[in-house]
Number of protein chains: 2
Amino acid sequence: MVITPKNSSESNREYAFRTISENIISLDIEPGSMIGEQEIATMLGLSRTPVHEALLELSKSKIVDILPQKGCLVSMIDSELIREARFLRITVETALVEDACELAKEEDLKYLEDNLELQEFYLSKDPDKLLALDNEFHKSIYRICNKMQCHYMVSLMSMHFDRVRSLSLHSVKDLKIVSDHRAIFEAIKKKDPAAARSAFQKHMARFELDWNIICREYKKYIAEPSR
Amino acid sequence: MVITPKNSSESNREYAFRTISENIISLDIEPGSMIGEQEIATMLGLSRTPVHEALLELSKSKIVDILPQKGCLVSMIDSELIREARFLRITVETALVEDACELAKEEDLKYLEDNLELQEFYLSKDPDKLLALDNEFHKSIYRICNKMQCHYMVSLMSMHFDRVRSLSLHSVKDLKIVSDHRAIFEAIKKKDPAAARSAFQKHMARFELDWNIICREYKKYIAEPSR
DNA sequence: TACTTCAAACTAGTATACAAGTTTTTTAGA
DNA sequence: TCTAAAAAACTTGTATACTAGTTTGAAGTA
């Protein structure tokens, strides 16, 4: 488990939530492993209470499964939940990129452009940095459309998806996501909703290809279909 | 505050969450009022802990606003958050009703039909019962499409919307929602995605009309636009 | 050795106690 | 009476203590 210092602006609960989330997404906490409240509390120098509350929130998205009086199971990579997370993101964000064509102001376009340049810079250098920029790019679309509450809900579910993207960035060589993002950006800049829509859907379709590769390489982390 | 007995299958935290939610949506707890953890804990015969955790979860959807060391504010009716909740529901459920045309089995159609008959029965008799059946109808669409995790996320945000629907059912006389639901059902039964889509969008558009009526009648509960 | 039983060592859920910050009330002073 | 400062009475955040249930492992029995 990777522990970063506590940000002065965050509460103990927020600190615990952020740290656990980061470690689950980065796979520093392995899918299928058990984590104890006391164990994490000790590592973070906190009591059980804020850790308990953080795990409670994480359990809402089923990224962890609290087994009362037993422990806290970090979920295996579950293709059904990833499917749901993808469905939600594709559905919501497809609608958003169309709206963004109308709503994006000059400063919004500037911000997206800056983000894209950083993505291009870090493309082959730092996968984790790229992932953070990717997330920020998508988040900006929500911000442009004044849908930050939706972003919170979608991002909570996206953790299932993010964990796999984390794998993907490290194992899949041929990355097209940055050029995808630029195509989406250009469509928004040209205020062309149809182009934005198709560029976004092309972007999200790419994942289908990667899934087969990931299944092969990380079989041990992938849940058996329950049916 | 209306207190129902604790269901034997639910934990104290779930009991607190359910009770507080129900009272916020039914407006038995007034928008803009302050509620204390201790106060609610005493009413429910619990300690602060499970109540605290329930309020924490509610704060994630911004239906309550926890002010540290001050108290817990039940949010005013906020048109921006309602807009977001509606956007999310319309976007997600429009996609779902299309999919449902393909995925609905005989037993699913049977279940929807039964629900519809109950809706028709309670239409002019019991607004709260009707609201519950309405929610169950929409939830069934998620179930048919295997998207229950999405349902949880959407429903958490929908509380803003639900609170207004609760007003609407009591104050708006001309209710078309049941016939809307039947139109959606018939489209799914005929496996006609285009018809399902348009029936659903017609259903959700209806709310625009009611909003003006609600604003007039319940002005005291509606937040000032912050901008 | 293999199986049972029971106790000890874990787990999370919840109650309580205290810490830290805000609001309200009281009191002192003019 | 009015103002200002201090203290008391609140609030939530967090730590700790206890409860209840699960797992584990050792002791006892065949």
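Residue numbering restarts at 1 for every chain, and letters A, B, ... go by the order of the sequence lines. Computed from a predicted structure; not experimentally measured.
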Peer 1: Starting at CE of Met34(B) and ending at P of dT22(C), how long is that distance when rounded to a whole Å?
Peer 2: 13 Å

Peer 1: Which one of Glu136(A), Glu106(A), Arg143(A) satisfies the side chain to side chain donor-acceptor pair (under 3.5 Å) criterion with Tyr111(A)?
Peer 2: Glu136(A)

Peer 1: Which is true for Ile35(B) with a 4.0 Å heavy-atom rule: it touches a base, it touches only sugar-phosphate, or it touches nothing?
Peer 2: sugar-phosphate

Peer 1: Just the table, please: protein N/O against nucleotides 18-24 of chain D N/O, every pair under 3.5 Å.
Peer 2:
{"unit_1": "dT23(D)", "atom_1": "OP1", "unit_2": "Lys70(A)", "atom_2": "NZ", "d": "3.2"}

Peer 1: Between Leu55(A) and Leu46(B), which residue's closest nucleotide on DNA chain C lies nearer the 5′ terminus?
Peer 2: Leu55(A)

Peer 1: Nearest whole Å is fine: how far is dG13(C) P from Glu10(B) CD?
Peer 2: 15 Å

Peer 1: Using a cut-off of strictly less than 4.0 Å, decide whether His52(A) has a side-chain nitrogen or oxygen near OP1 or OP2 of dG13(C).
Peer 2: yes

Peer 1: Expressed in angstrom and rounded to an integer, what is the separation of Arg13(A) atom CZ from dA19(C) atom P?
Peer 2: 20 Å

Peer 1: Hey, are Arg18(B) and Glu22(B) close enough for a salt bridge, meaning a charged N less than 4.0 Å from a carboxylate O?
Peer 2: yes

Peer 1: Expressed as a whole number of angstroms, how long is the span from Leu73(B):CG to dT22(C):P?
Peer 2: 17 Å

Peer 1: Any salt bridge between Lys60(A) and Glu57(A), counting N to O under 4.0 Å?
Peer 2: no

Peer 1: Within the pair Thr49(A) and dT14(D), is there a side-chain N or O less than 4.0 Å away from OP1 or OP2?
Peer 2: no

Peer 1: Do the two ring centres, one from His138(A) and one from His181(A), sit under 6.0 Å apart?
Peer 2: yes

Peer 1: Should the ring pair Tyr221(A) and Tyr218(A) be called parallel, tilted or perpendicular, given that the plane angle runs from 0 to 90° and is split at 30 and 60?
Peer 2: parallel

Peer 1: If you assign each of Ile66(B) and Ser47(A) to its closest nucleotide in DNA chain D, which residue comes earlier from the 5' end?
Peer 2: Ile66(B)

Peer 1: Does Ser158(A) form a side-chain hydrogen bond (donor to acceptor under 3.5 Å, both in side chains) with Arg165(A)? I'd like the steps, not just the answer.
Peer 2: CA-CA 10 Å; Ser158(A) 277; Arg165(A) 284 200 298 154; over 6 Å; no

